[in-house]
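Each remark here refers to the structure printed beneath this line.
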Amino acid sequence: MLRTILAGVVGLVFGSGIALSGMANPAKVLNFFDVAGTWDASLLLVMGSALAVAAIGYRIVLKRAAPVFDKRFHLPTSRKIDLPLLAGSAVFGIGWGISGFCPGGAIPALGLGESSAWIFVGSMLAGIAAARTVRIALEARSTQTV
């Protein structure tokens, strides 16, 4: 129960930071990407600050033997750069550049009443479901041929 409450509080803090920084505003994000036009460099400060906080946080937290609410840390074990990683990164970047939303900005935008966020989040969930379906089908096919 405490874990769920704490996760909700952390989510509210994160979402509030995203909303206050302007990262839930697709026009502001798209202006950040428009380096040759109406470039808005203010999100550079937001991203740099987030990177600094995360770097410090990871250094402090990973010195612990385990997380507070789990038995172990769940960190990536593979350092392999493969097709799914590259394709996912490309789809993420293209989607962010076209819509001005990433998942971290779109979900708080739902609470701000941004109508286009509903379309983005619905499309994102459909894409997740489609990717999962394809992955399961490919895994099933590869185990049948072995």
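Counting from 1, the numbers follow the sequence of the chain as shown. Since this is a predicted model, take the numbers as computed values, not measurements.
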Worksheet item: Of all heavy-atom pairs between E139 and S142, which one has the smallest distance, and what is that distance?
Response: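 In this case the closest contact between E139 and S142 is O-OG, 2.9 Å.
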What heavy-atom pair brings S99 and G95 nearest, and what distance separates the two atoms?
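Smallest heavy-atom distance, with atoms named: OG-O, 2.7 Å.
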Straight-line distance of [X] [atom1] to [Y] [atom2], nearest 0.5 Å:
X   : Y   : atom1 : atom2 : answer
R59 : I56 : CZ    : CD1   : 10.0 Å
L43 : F33 : CG    : CZ    : 8.5 Å
L85 : K80 : CG    : NZ    : 10.5 Å

Side-chain heavy atoms nearer than 4.5 Å, only ILVMFWY residues, links allowed to pass through others: does that put [X] and [Y] together?
X   : Y   : value
I18 : V53 : no
L6  : V68 : yes
M47 : F92 : yes
V29 : I94 : no
M23 : V35 : yes

Is it true that a side-chain atom of W39 and a backbone atom of F32 form a donor plus acceptor pair closer than 3.5 Å?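 Indeed, once roles are kept as given, a pair shorter than 3.5 Å links the two residues.
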### Message
Can you confirm whether more than 12 heavy atoms, excluding those of F73, are under 6.0 Å from its CZ atom?
### Response
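Yes - once you tally the heavy atoms of other residues, nucleotides and ligands closer than 6.0 Å, there are more than 12.
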Find out whether L62 and L75 are in side-chain contact, i.e. whether some heavy atom of one side chain is under 4.5 Å from a heavy atom of the other.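 Yes, side chains in contact.
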- Is any side-chain heavy atom of R72 closer than 4.5 Å to a side-chain heavy atom of H74?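 With C-beta onward as the side chain, the pair touches.
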Show me the donor-acceptor pairs, under 3.5 Å and distance only, between side chains in residues 102-128 and residues at least two apart or in other chains.
unit_1	atom_1	unit_2	atom_2	d
E114	OE2	S116	OG	3.2
S123	OG	I119	O	2.9

Name all residues meeting the salt bridge (charged side-chain N to carboxylate O under 4.0 Å, His left out) criterion together with D40; count only those two or more places apart in sequence or in a different chain, and write none if there are none.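 So D40 forms a salt bridge (charged side-chain N to carboxylate O under 4.0 Å, His left out) with K28.
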